[in-house]
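Heads up: the structure comes next, in C-alpha cells.
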Number of protein chains: 2
Amino acid sequence: MRDVAAQARVSLKTVSRVVNGESGVSPRLARRVLAACERLDYRHNHTASTLRRSNRRSATIGVVLEDVSNPFSSALHRAIEDVAVQRGVLVLAGSSDEDEDRERRLVLAFASRRVDGLIIQPSSHDHRYLLTERKAGTALVFVDRPPASIEADAVLTDNAAGVRRGVQHLVAHGHRRIGYLGDTHTIATAGDRHRGYLDGLANQRIEADERLIRLDLHGIEKAEAATRELLEQSNPPSALLTGQNLITIGAFRALRRMGLHQRIALLGFDDILLADLLEPGITVIAQDPAGIGRMAADVLFRRLDGDRSPAQSHTVPTRMIARGSGEIPP
Amino acid sequence: MRDVAAQARVSLKTVSRVVNGESGVSPRLARRVLAACERLDYRHNHTASTLRRSNRRSATIGVVLEDVSNPFSSALHRAIEDVAVQRGVLVLAGSSDEDEDRERRLVLAFASRRVDGLIIQPSSHDHRYLLTERKAGTALVFVDRPPASIEADAVLTDNAAGVRRGVQHLVAHGHRRIGYLGDTHTIATAGDRHRGYLDGLANQRIEADERLIRLDLHGIEKAEAATRELLEQSNPPSALLTGQNLITIGAFRALRRMGLHQRIALLGFDDILLADLLEPGITVIAQDPAGIGRMAADVLFRRLDGDRSPAQSHTVPTRMIARGSGEIPP
DNA sequence: ATCGGGCATGACAACGTTGTCATAAGACAA
DNA sequence: TTGTCTTATGACAACGTTGTCATGCCCGAT
C-alpha cells in the first residue's frame, strides 16, 4: 500500500479510501490510485484491515463437520457456503470425526483466527468451552445435533417424527414385527431416532420386542452382521427400520447376501445416493441437509447482523420417499 | 495480551514468549503468565501474530474445488485436510462450480486473507492471473486437471492410460463394438479420456466408429438420453465405456429402463458409491481421490518448506474394479 | 573489589491497515 | 478584503502481536 501511495503520489490514507470505495476522493486521484494498484499488482491485506477496522469482522466463518467428505456433512457445507459467498464471507471447514477433542481443537484454531461465527455439527456433549467465544462476540449455531450445557441456536432434523412416520408406513403395509438397527447411542440423533421407533410402535399399539432391536452399530460391517443375526433367529422380523445411512447399506447388503431383499421390507433413515437404482429401490425417510445448512447459515448471519432475540431451536422436516423396499408386504 | 501482562505483572513481551513456548523465561514467571491466561480466557490472536512475525505464515491454505459436496471433490478435501491438520494448518474451501469467474474470485479472496498455499482443481483455461500470488510466495498446486499458461506443480490421474486399460478389458471379453459417452470436451480430463478411448481402440486394431461416440454429455439426464439413442440405432454397440461417474449412472439407468442391463457391457470411469450393490455390479476404472489429495498436500507443504526444484506433474494410477457389468460377453 | 559473561526481562518499533482529527484549498457572502 | 463554510487530503496513532536491542542482575574468575 505504501508503494501504491508513492507511485500515485498520494498519502496512504487516500489509497485506503480508494481501495475501500469510500466517498470523498476526487476522481482524478482515484484514477491515479487505481492505475498504481493495477501496475503494482496490489492485493489488499484483509487480515491487517480486520485488525484495525472498528467492526473487527474477518468475513470468515468456521464450520466443524463430522467429516467433510461424508455426503450429509458435505451437503451441509455446500449450502452454508452458498449463503456465505453472497455476503463475501469465506468458510473454514474441518472434520471432527466424532471426536470431542478434535472438535474442540478445531474450534480453538478457528477462534484464534478470529472467525465471525461458528457452525458446529457437534460430537461432544458439553459445550461450555464455547462460552468464551460467545462472550467474545462469535455467533454460534449448532446443526444436526443439539447443543449441551449452553444456550445457542440450533437447526435440527425432526428425527423422532420421521422415524414414527416410518413405523406407521410399515404398519400400514401390514407389518407388526419391525426390527430396528441403530447407531451409537451416545449420538443425540441416534437416541432421538430410537425413541421415535419406540413411540411409533406404541402409537400403533404394538409391543416392542427387545430381540428385534440392535443398537450401537457404527459403520456398514457392524450393521451387516447385526442384520444377519436378527434374521437368523427364530420368529424374525418381517421389516427392518435402519437409523442411519451406512446402517441401511449394511442391512441391504446382508439382505442381498441372504437372498431376502425381495422378501423383507427395508426402510432407511437418511437418503442414499443411487438408492433408486437398486432392486428393489430403497424406501427412505430423507433428511434435507441443504435445507438445514441454508437455515443454519441464515440464522448465523442474522445474529451477526445484530439479532439479539433468545436462542431458538429450528426443526427441518423429513420427507418419505417410497421406492419399493418399504412397500414389500410381510 | 495486555490484560494478561498486567494480571501477571510482567511485560507484553514475556507473555508473548510464554504463549509461543520460547525458551528463556523463568518457570516462576511462566507459571504466573499461564495462570493469568487461564483466568482471563485469553485467546491468542493468530492473525495479528501473522502480521508481525517474520515468516508471515498464516497457517491457512485455500482449496478451490469444483463443488465441496461432490464425492470426488470432497474426498480430495478430506485428504488435504488430513495432511494439513498434522501441521496445525487450517483449510479454507470453496466451490467454483466449473465457472472460471468464481474460481478467480475465490482465489483472490483467499489471497487477500494471505493463505500460505493454494490447491486448485481448475475450471479455467488460463492461469496467468495466479502469477501475482506466486510471486508473493504463495505455494500453488493443481489437482485433477493441469495448469494452463503457467508453470506449477500438478497431481493428476492418468486418465488416458486408465481408459486404454478399460478398452483392453472390454476387448478381452470379446467386444469389438464399444460405445463411448464423454463429458464436456473443454474439460481437460474429458479430453484425455476421449483420447485414451481412441488410442485404446487403435492399440487393439479396431477402427473407431463415429456413430458409437457421444461427447459433451454433462449430467445424468443427457447421458441417459444419449445412451438410449446409441442403443436404438441399427448395429448398436455391445459394450459402453462411460467417461465420468454421472454419465455412468445415466447410462446404467437407461440400460435398466430398456431391460438391457444384463446384456450390454458397461465400464465406467470413476468409482460410484454402492456400485457393488447394483445388479450387475458396475465395473469401473477407479480414481484415487484420497491419494491425489494427499499427494497434492504433500507437494504443497514441501514447497512451503523451501523446495525450489522445478515444477513437476505427478500422476496417480487408476485401478480397475471388476464387478460384473464390464464382464458381460457380447 | 572489579570485571566479564550469561541469562532473564522489558522498552520500543514495526507489521499493513483504518479511525480521528487537523489543515489546506476553494467557494461564496458580507 | 475578511470571514465562514465545505470539501479533499494527509499526519498520526492505534489494532494485537513479535523482532531487536538494551538493561539489569547474578555468578564466578581475577
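Pairing each heavy atom of Ala79(A) with each of Arg294(A), the nearest pair is CB-N, 3.7 Å. Across Ala84(B) and Val91(B), no two heavy atoms sit closer than the pair CB-CG2, 4.0 Å.
In this structure, a donor-acceptor pair under 3.5 Å is absent between the side chains of His314(A) and Asp153(A).
By the 30° and 60° cut-offs, the orientation of the rings of Tyr42(A) relative to His44(A) is tilted.
A sub-4.0 Å separation between OP1 or OP2 of dT17(C) and a side-chain N or O of Ser49(A) is absent. Regarding contacts with the backbone of dT9(C), a side-chain N or O of Ser26(B) is found under 4.0 angstrom from either OP1 or OP2. One finds no side-chain N or O of Thr50(A) lying less than 4.0 angstrom from the OP1 or OP2 phosphate oxygen of dC15(D). At least one side-chain nitrogen or oxygen of Asn20(A) sits closer than 4.0 Å to the OP1 or OP2 atom of dT18(C). Between Ser16(A) and dT17(C) there is no side-chain polar atom (N or O) within less than 4.0 angstrom of OP1 or OP2. When the side-chain nitrogen and oxygen atoms of Thr14(A) are compared with OP1 and OP2 of dG10(D), one or more of them lie within a distance under 4.0 Å.
Taking 4.0 Å as the cut-off between side-chain N and carboxylate O, Arg128(B) and Glu151(B) do not count as a salt-bridged pair. The residues Asp97(A) and Arg78(B) are annotated as salt-bridged, a charged nitrogen and a carboxylate oxygen being separated by less than 4.0 angstrom.
Here the NE2 atom belonging to His77(B) is positioned 10.0 Å from the CG atom belonging to Asp82(B), to the nearest 0.5 angstrom.
Arg56(A) comes within 4.0 angstrom of the backbone, heavy atoms only, and of no base. Among the protein residues, Val19(A) comes within range of no part of the nucleic acid, since none of its heavy atoms lies under 4.0 Å from any strand. Within the nucleic acid shown, Leu29(B) comes within 4.0 Å of sugar-phosphate atoms alone, with no base atom in reach, counting heavy atoms only.
One atom, CZ of Arg52(B), and another, C1' of dG16(D), lie 11 Å apart when rounded to the nearest Å. Arg9(B) places its CZ atom 11 Å from the P atom of dG10(C), with the value rounded to the nearest Å. What separates CZ of Arg28(B) from C1' of dA8(C) is a distance of 11 Å, to the nearest Å. With rounding to whole Å, Leu51(A) atom CG is found 9 Å from dT17(D) atom P. If you take NE2 of His46(A) and P of dT17(C), they are 12 Å apart, rounded to a whole angstrom.
Within residues 30-44 of chain A, no residue has any heavy atom under 4.0 Å from DNA chain D.
In the set dG10(C), dT17(D), dG19(C), dG10(C) carries the atom at the smallest distance from any side-chain atom of Lys13(B).
Judged by atom type and distance alone, Arg17(B) does not reach the base of dG19(D) through any side-chain donor-acceptor pair under 3.5 Å.
The residue among Glu22(B) and Val10(A) whose nearest nucleotide of DNA chain D is located toward the 5' end is Val10(A).
Taking five base pairs at each end of the helix from dA1(C)-dT30(D) to dA30(C)-dT1(D) and finding the rotation axis that steps the C1' atoms of four pairs onto the next four gives two axes whose angle is 70°, to the nearest 10°.
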